[in-house]
Amino acid sequence: MPGKERYALVDCNQFYVSCERVFRPQLWNKPVGVLSNNDGCLVALSPEMKALGIKRGVPAFKINDLVKKHDIQLFSSNYGLYGDLSARVMQILSEFTPELEIYSIDEAFLRLDSLKISDWQEYGRKMRGMIMKWVGLPVSVGLGPTKTLAKIANRVAKKFPGYQGVFDITDHPKLEAILQWIQVEDIWGVGYRYAQKLNSYGIKTAWDLSKADYKWVQQQMTIVGLRTVKELNGISCLDMELDMVPKKQIISSRSFGHPVSELNELLEAVADYCQVATLKLRQQHSLASSIMVYLTTNRFRDEPQYANYAGFKLATPSAYVPDFIKTASDLLRSIYRPGYKFKKVGVMLSNIIAEGQAPLDFFDRVYIDDERKIVMDCLDKVNKVWGPGTLAYAAAGINKGWQMKRQLLSPSYTSNWWQLLRVNSDRTTKRLND
DNA sequence: TCTGGGGTCCTAGGACCC
DNA sequence: TCTGGGGTCCTAGGACCC
């Protein structure tokens, strides 16, 4: 029966920018932007920056003039800081309902239909108030009978200040007008490609799409698109995903700070990414048996291009760093060609299983039963207490000349003892890390 | 000089088997 | 040497998300 369920989507406004502002009130009301890895392109903008006509995704070097002219404050991505503030927001939300799905670093779905609430508008404002007071981040709350409609409600809440950041679309008298206002490309689940296709059939708005023939939609957009359309009509098809689902594929890759041609440097980077990828693997208590390595030149540059990849399946699944470094190095050597300027290498782990599911093997020892696991546990423990990278494999290099650029990095105020905020008063200067 | 990184799901098609 | 149908597994590619 449509309308029985009630979902909320809570979404932090310009999350990365807001995180940078938490500890620097002087950035309020100013144009602020956050750059992607390698300080490459713009991934988050404050409203003041959007008002200057700048769009998400533009390369940083293309806005140099505007940055100077309008005194725009730019930052490198500081994922340590963002991840930590995100966890605090999620902690607060989890007190509103046990049915919380952390959808991304800055978004969560809440299922609220078992709650007896008479005024949802006020309930949403309470959430906003708590998060602003305790973490200092502005959020918007959208409520609706399906996740897709809650997403749309969230958009309304963000767009029209009159709603004070909270909008409930459930049984709304203006539902049709709202869906007419939402363009198809702004619907959750409809990307650029499908939007083009739908437009060519005269389907421009969420309202148009909600009226489309189900069979036709499935033919054009698979079962996934059909679910979206049903959700627009108030039929809930997307369940809450409450449990942390282990990843089936783990990628670690990064563009270099400058072009790299030497095999030795590439080998270092690949070894480093093996450390990163297997750490994620161990954190979810999994083992992987397939590894793939890829490398590529910079496709934006007018110079000889080369890209390739190679994979290998280990005899038994593992999460032991050297198992992967050794294999990955061989793979890299097999695809490496001298004379090119490489932009990026990457490592991908797949065929991932839970630790306990590792098959027995007559000849090889099993990871969880041998000293490899003991060594990894020790490594992870040290790095957890003393900070990432305290213990590392020498194969990953020491100087790491290839590492990405992060020239505009803000301090990790909440996750690094040496970068805590210092509070100065007129009488004393208190260093929190003394 | 300078253009991110990390994921998921679905489908079609080929190989192979009975 | 004239030839179906169905099942499974795997991979590549295309779509989407943040």
Side-chain angles (χ1 to χ4, degrees), chain A residues 9-12 14-16 33-44 55-65 67 74-79 82-83 86 101-109 147-148 151 154 184-198 217-228 231 237-239 241 244-259 269 273 276-277 279-281 284 290 292 294 296-303 309 311 313 341 343-352 403-408:
Chain A
L9 175 71
V10 180
D11 177 310
C12 302
Q14 319 102 37
F15 181 59
Y16 295 176
V34 176
L35 301 171
S36 66
N37 278 335
N38 232 13
D39 295 343
C41 55
L42 200 56
V43 290
K55 297 237 185 303
R56 196 191 126 97
V58 298
F61 72 89
K62 285 193 179 171
I63 54 167
N64 281 339
D65 292 346
V67 169
L74 288 182
F75 295 92
S76 303
S77 293
N78 185 343
Y79 291 106
Y82 311 153
S86 170
E101 174 185 338
I102 299 172
Y103 179 67
S104 75
I105 194 166
D106 75 325
E107 269 178 78
F109 286 104
K147 284 176 156 185
T148 304
K151 274 265 195 186
N154 189 283
V184 280
E185 61 266 32
D186 295 331
I187 302 168
W188 186 43
V190 180
Y192 176 79
R193 293 297 167 121
Y194 283 153
Q196 298 291 306
K197 183 184 259 189
L198 290 170
V217 170
Q218 180 161 359
Q219 278 164 7
Q220 300 296 320
M221 303 168 68
T222 79
I223 187 97
V224 182
L226 179 59
R227 282 190 205 120
T228 298
E231 288 239 323
C237 301
L238 302 169
D239 284 335
E241 286 170 22
M244 247 277 285
V245 187
K247 308 243 176 290
K248 298 171 181 171
Q249 171 180 305
I250 293 173
I251 298 172
S252 177
S253 88
R254 232 160 289 282
S255 296
F256 298 128
H258 59 81
Y273 303 159
V276 174
L279 173 61
K280 290 184 197 166
L281 195 60
Q284 64 171 30
S290 290
M292 198 262 277
Y294 59 93
T296 175
T297 47
N298 187 347
R299 66 194 157 95
F300 292 106
R301 295 180 62 134
D302 185 20
E303 52 190 36
Y309 64 90
K313 194 154 190 247
K341 293 176 180 170
K343 174 71 181 163
K344 175 153 95 171
V345 294
V347 166
M348 181 175 109
L349 309 182
S350 56
N351 272 307
I352 292 173
Q403 248 180 356
M404 68 169 171
K405 262 197 302 203
R406 289 170 100 187
Q407 290 174 339
L408 306 166

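Order of the sequence lines fixes the chain letters, A, B, ..., with proteins taken first and strands second; residue numbering starts at 1 for each chain.
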Where the side chain of [X] is concerned, which of [options] is the nearest nucleotide?
X	options	result
A:Arg193	C:dC18, C:dC16, B:dG7	C:dC16
A:Val224	B:dG5, C:dC18, B:dC10	B:dC10
A:Glu107	C:dC18, B:dG4, B:dT11	C:dC18
A:Ser252	B:dT1, B:dG7, B:dG6	B:dG6
A:Lys247	B:dG7, B:dC10, C:dC16	B:dG7
A:Ile251	B:dT8, B:dG6, B:dG5	B:dG6
A:Arg56	B:dG4, B:dG5, B:dG7	B:dG4
A:Tyr103	C:dC17, B:dG4, B:dC2	C:dC17
A:Cys41	B:dC10, B:dG7, B:dT3	B:dT3

Steps toward side-chain contact (heavy atoms from CB on, under 4.5 Å) verdict (A:Tyr103, A:Asp11) | CA-CA 10 Å; A:Tyr103 179 67; A:Asp11 177 310; over 6 Å; no
Touch check for [X], heavy atoms < 4.0 angstrom, all strands: base, sugar-phosphate only, or nothing?
X	result
A:Lys405	nothing
A:Asn38	nothing
A:Asn298	sugar-phosphate
A:Ile187	sugar-phosphate
A:Val190	sugar-phosphate
A:Leu35	nothing
A:Asn64	nothing

Grab the [atom1]-[atom2] distance between [X] and [N] for me, whole Å please.
X	N	atom1	atom2	answer
A:Phe109	C:dC18	CZ	C1'	11 Å
A:Leu9	C:dC17	CG	P	14 Å
A:Met292	B:dG7	CE	C1'	14 Å
A:Leu349	B:dT8	CG	C1'	17 Å
A:Glu303	B:dT1	CD	P	11 Å
A:Lys313	C:dC10	NZ	C1'	12 Å
A:Ile105	C:dC17	CD1	P	19 Å
A:Gln219	B:dC10	CD	P	18 Å

Closer to the 5' end of DNA chain B via nearest nucleotide, is it A:Gly257 or A:Gln249?
->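 Final value for this comparison: A:Gly257.
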So do [Y] and [X] actually touch side chain to side chain, heavy atoms under 4.5 Å?
X	Y	result
A:Glu107	A:Leu9	yes
A:Leu198	A:Met221	yes
A:Tyr294	A:Ile251	yes

Any side-chain N or O of [X] below 4.0 angstrom from OP1/OP2 of [N]?
X	N	value
A:Ser36	B:dT3	no
A:Lys248	B:dC9	yes
A:Lys151	C:dC18	yes
A:Ser255	B:dG5	yes
A:Arg254	B:dG5	no
A:Arg227	B:dC10	yes

Heavy-atom pair of closest approach, residues A:Val190 and A:Tyr194 =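 That closest heavy-atom pairing would be CG1-CB, 4.0 Å.
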Nearest atoms (heavy-atom pairs only) where A:Ser76 meets A:Asp39 | OG-OD1, 2.7 Å
Separation between the P atoms of B:dT3 and C:dC18, rounded to whole Å =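 Roughly 25 Å separates the two P atoms.
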Could you check which nucleotide pairs with B:dC18 in any of the strands shown, counting Watson-Crick or G-U wobble with both distances under 3.5 Å?
-> C:dG5
Full working for side-chain contact (heavy atoms from CB on, under 4.5 Å) between A:Lys280 and A:Leu349 | CA-CA 10 Å; A:Lys280 290 184 197 166; A:Leu349 309 182; over 6 Å; no
